[in-house]
Amino acid sequence: MKSKDTFSVCMLASGSKGNSIYISDGSTSILVDAGLSGIEIERRLQSKGIDPNHIDAVLVSHEHTDHIGGVGVLSRRFNLPVFISRKTETAAISRIGTIAQKEYFEQGSQFTIKTLTIHPFSTSHDAVDSSGFTLSSNGTKIGIATDLGIATRMVKEHLKGCSLIILEANHDTDMLVNGPYPWHLKQRIKSRTGHLSNSEAKNLLKDIICNDLRYVILAHLSETNNHPEKALNIVSEATKGYKAQLTVARQDDGCQIFILDK
């Protein structure tokens with residue numbers, strides 16, 4: 001997992017109760033979001049055989065609690081710099097608290113965290129400055145696109161050429177419409193600033209899939225309005241004729257560690 005010729009990716013948690021992704025190129029290890037308690041994220045890292053003391057930074061996508069709940073605690077406990085946009089920091093500061101090391105990024109402007117090259121891009125979500133990311137190292141590129149109501153052309157362009165993509169497949173439309181949520185919440189989820197359905201994830205993937213894509217991790221599945229089997233069955237239609245493997249990240253234990261060789 002620590003080989004400098006590999007890219008390691010692991011969802012520690014995925015869903016409305018908390019999200020966090022571990023990414024390492026063997027030299028630099030980061031968390032993208034930390035939406036669980038600090039103690040729980042430490043526990044989940046250790047359960048995957050990852051030493052929390054080896055994390056180099058936390059990268060924040062947006063200010064919703066299920067993405068920032070443990071950011072401040074982890075930053076202070078392990079003296080980690082937090083990479084965040086200024087707008088997101090303003091919206092999140094009351095829940096993150098005091099952070100000694102902050103590094104600001106802007107949408108569309110590439111930056112680095114040690115040996116990782118990161119390109120943030122805007123996503124259509126009801127947050128002040130919601131970001132998706134591509135991360136590159138050792139000739140390998142991965143993409144993160146969750147918490148987006150629509151798949152814009154810009155999102156698709158950024159995700160092209162990835163070897164691994166973490167892609168939102170939040171809900172089954174019929175389950176959402178006929179489910180227990182109040183109407184205003186259903187409308188929010190279905191809106192252009194809400195979350196991608198299984199079918200919308202499938203259509204996005206159809207537009208960007210290529211022979212270089214090896215893994216697709218379906219993320220942010222609703223526990224009320226989706227089932228892993230439904231998401232896999234629908235999105236897999238986009239992978240026919242390609243070698244990309246599909247898996248689902250779950251709320252309670254995330255997913256396995258995926259290793260991408262250089």
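Hydrogens, waters and symmetry mates are skipped; everything else that's a heavy atom, side chains included, is used.
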Exercise. Using the side-chain hydrogen bond (donor to acceptor under 3.5 Å, both in side chains) rule, take His64 and Asn19 through it: C-alpha gap first, then chi angles, then the decisive distance, then the call.
Key: CA-CA 10 Å; His64 290 168; Asn19 298 272; over 6 Å; no
Quiz item: Got a second to check how far Leu36's CG is from Ile68's CD1, nearest 0.5 Å?
Solution: 12.5 Å
Quiz item: Is it the case that one hydrophobic cluster holds both Leu12 and Ile257, taking links as side-chain heavy atoms less than 4.5 Å apart, direct or via other members?
Solution: yes
Quiz prompt | Worked verdict on Glu237 versus Lys206 for salt bridge (Lys or Arg N to Asp or Glu O under 4.0 Å) | solution = CA-CA 8 Å; Glu237 295 175 22; Lys206 276 185 176 179; 5.1 Å; no
Quiz item: If we ignore angles and hydrogens, is there a donor and acceptor under 3.5 Å between the side chains of Arg250 and Ser14?
Solution: no
Practice problem: Check each of Asn203, Leu218, Leu204 against Val235 using the side-chain contact (heavy atoms from CB on, under 4.5 Å) test, and report the only one that passes. | Solution: Leu218
Quiz item: In Å, rounded to the nearest 0.5 Å, how long is the span from CD1 of Ile118 to CD1 of Ile30?
Solution: 4.5 Å
Exercise. Give the intermediate values and the outcome of ring pair (Phe, Tyr, Trp, His ring centres under 6.0 Å) for residues Phe111 and Phe83.
Key: CA-CA 10 Å; Phe111 64 96; Phe83 289 74; 5.8 Å; yes
Quiz prompt | Residues Glu157 and Arg153 bridged, charged N to O under 4.0 Å | solution = no
Quiz item: Is there a donor-acceptor pair closer than 3.5 Å between any side-chain N or O of Gln251 and the backbone N or O of Lys17?
Solution: yes
Quiz item: Is a side-chain donor or acceptor of Ser75 paired with a backbone partner of Gly72 at a separation under 3.5 angstrom?
Solution: no
Self-check item: Residue of the set Asn225, Leu221, Asn198 for which side-chain contact (heavy atoms from CB on, under 4.5 Å) holds with His171
Solution: Asn225
Exercise. Drop me the distance from Thr123's OG1 to His62's NE2, to the nearest 0.5 angstrom.
Key: 7.5 Å
Practice problem: Kindly indicate, with the supporting measurements, whether the criterion side chain to side chain contact (heavy atoms under 4.5 Å, CB included) is fulfilled by Lys190 and Val177. | Solution: CA-CA 9 Å; Lys190 290 172 58 182; Val177 170; 4.1 Å; yes
Quiz prompt | NZ on Lys48 to CD1 on Ile50, rounded to 0.5 Å | solution = 8.0 Å
Quiz item: Which value, rounded to the nearest 0.5 Å, describes the distance between Asp174 atom CG and Asn226 atom CG?
Solution: 11.0 Å
Exercise. Evaluate the side-chain proximity of Ile208 to Ile165: yes if any heavy-atom separation is below 4.5 Å, no if none is.
Key: yes
Exercise. Answer yes if Ile142 and Val155 sit in the same cluster of Ile, Leu, Val, Met, Phe, Trp and Tyr residues linked by side chain heavy atoms under 4.5 Å apart, and no otherwise.
Key: no
Self-check item: Flag for Ser27-Thr115: side-chain donor and acceptor within less than 3.5 Å
Solution: no
Quiz item: Are Phe78 and Val58 linked, directly or through other ILVMFWY residues, by side chains that come within less than 4.5 angstrom of each other?
Solution: yes
Practice problem: Please tell me if the side chains of Ile166 and Ile21 come closer than 4.5 Å, counting only heavy atoms from C-beta onward. | Solution: yes
Quiz item: With distance as the sole criterion, is a donor-acceptor pair present between the side chains of Ser61 and Ser131 under 3.5 Å?
Solution: no
